[in-house]
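Everything below concerns the one structure shown next.
Quick note: numbers below take in every heavy atom, side chains included, and nothing from hydrogens, waters or symmetry partners. Counting starts at 1 for both ligands and their atoms, in listed order.
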Amino acid sequence: MSTIQEISDFLQKGRAKNVKKLVQQALDEHEDPTVILNEGLLDGMMVIGEKFKNNEVFVPEVLVAARALNAGLAILEPVLVEAGNEPVGKVVIGTVKGDLHDIGKNLVAMMLKGVGFEVTDMGVDVAPESFVEQAEAVGADVIVMSALLTTTMPNMEAVVHLLQEKGIRDRYIVMVGGALVNEKFAEKIGADYYTPDAATCAEVAKQAVEARG
Ligand code: B1M
């Protein structure tokens, strides 16, 4: 079995220490970091996600797999984040209120840092008021929201509404994403952009900030 396959395998078993060790080993073997991420870590999580959907595994198994994924990401982060010298702008990012999923959000934050953004990561379960207060406090250019649950997606709209209420909607580029979010939803709630993955988010955010001048 290749190191990449082993990473996926140990991740599915929730074996964080092994995942960490194997990710380092793969890097030492000069494996491409994006291959380690996509074909090792994310592949393993997709298998678990599918089993979760089919009731073949349950929350505790998913949780340990998620921890193993985060352990692997911690090793990969310095390699994936090769930030440019010129700061591109400021981003406030978080997972919306009621939602505790943070793996995708962490990846997005990592990629944003990678293209040179200064990133304030507010974590999970972030209230609409907190997004807005933090964006104002740091003078953010972009607000990035992640949601993984159909029940928490409306909290993205609450942030847009709050910005409108305060008369500051035009100050920010608002971006949304997460497994169930799509272009149509983004349009409906008045966000500026939906992007399907972390790398696209970083690319689009950079272009949007540069286009504003
Ligand atoms: Co949850 N969960 N979960 N879960 N969980 C989902 C989301 C679910 C689809 C699984 C399923 O049933 N098929 C389902 C939601 C169904 C729905 O709402 N329609 C679900 C459910 C129901 C729940 C609970 C309610 C389960 C329960 O308690 N009965 C509960 C809710 C807790 C809460 O948040 N209040 C719950 C709990 C959990 C765990 C804690 C066990 C764990 C989270 C651990 C953690 O994050 N630290 C967990 C996990 C891991 C999942 C699945 C299996 C995997 C999510 C993940 O991390 N994927 C997920 C199934 C699935 O998505 N297939 C599921 C890997 C990650 C890299 O992908 O986050 O999609 P993702 O991010 C992607 C893109 O979406 C994008 O970039 C990333 C890739 O580059 N992206 C953005 C993300 N945010 C972005 C923002 C952007 C742009 C792109 O801004 C511009």
Protein heavy-atom contact under 4.0 Å for [atom]?
{"atom": "atom 8 (C) of ligand 1", "result": "no"}
{"atom": "atom 87 (C) of ligand 1", "result": "yes"}
{"atom": "atom 38 (C) of ligand 1", "result": "yes"}
{"atom": "atom 41 (C) of ligand 1", "result": "yes"}

May I ask you to check whether [X] has an N/O atom sitting below 3.5 Å from an N/O atom of ligand 1?
{"X": "Thr150", "result": "yes"}
{"X": "Asn70", "result": "no"}
{"X": "Cys201", "result": "no"}
{"X": "Thr195", "result": "no"}

How far is [atom] from its nearest protein heavy atom, and which residue and atom name does that atom have?
{"atom": "atom 72 (O) of ligand 1", "answer": "Gly104 CA, 3.3 Å"}
{"atom": "atom 79 (C) of ligand 1", "answer": "Ala198 N, 4.0 Å"}
{"atom": "atom 84 (N) of ligand 1", "answer": "Ser146 OG, 2.8 Å"}
{"atom": "atom 46 (O) of ligand 1", "answer": "Asp102 N, 2.8 Å"}
{"atom": "atom 63 (N) of ligand 1", "answer": "Gly49 CA, 4.5 Å"}

(request) Please collect all salt bridge (Lys or Arg N to Asp or Glu O under 4.0 Å) contacts where either partner lies in residues 41-58, sequence neighbours excluded, each pair once. (result) Glu50-Lys53
Could you tell me whether [X] approaches ligand 1 through its side chain, its backbone, both or neither, with non-hydrogen atoms closer than 4.0 Å?
{"X": "Leu42", "result": "side chain"}
{"X": "Met45", "result": "side chain"}
{"X": "Val144", "result": "side chain"}

(request) May I ask whether Glu50 has any heavy atom positioned less than 4.0 angstrom from an atom of ligand 1? (result) no
(message) Please compare Gly94, Gly178, Ala191 and report which has the shortest non-hydrogen distance to atom 82 (C) of ligand 1.
(response) Gly178
(request) Name the option, out of Pro196, Ala202, Ala199, Ala179, that contains the heavy atom nearest to atom 70 (O) of ligand 1. (result) Ala179
(request) Could I get the full list of salt bridge (charged side-chain N to carboxylate O under 4.0 Å, His left out) partners for Asp102, not counting sequence neighbours? (result) none
(message) The criterion is side chain to side chain contact (heavy atoms under 4.5 Å, CB included); which residues satisfy it with Val181, sequence neighbours excluded?
(response) Met153, Met156, Val176, Phe185, Tyr194
(message) Salt bridge or not between Asp141 and Arg171? Use side-chain N to carboxylate O under 4.0 Å.
(response) no
(message) Between Lys113 and Glu118 (salt bridge meaning N to carboxylate O under 4.0 Å), is one present in this structure?
(response) no
(request) Ignoring hydrogens and angles, tell me if any N or O in the side chain of Asp99 forms a donor-acceptor pair with the backbone of Leu148 under 3.5 Å. (result) yes
(request) Could you please tell me which protein N, O or S atoms lie under 2.8 Å from atom 1 (Co) of ligand 1? (result) His101 NE2
(request) Could you tell me whether the side chains of Thr3 and Glu29 share a donor-acceptor contact shorter than 3.5 Å? (result) yes
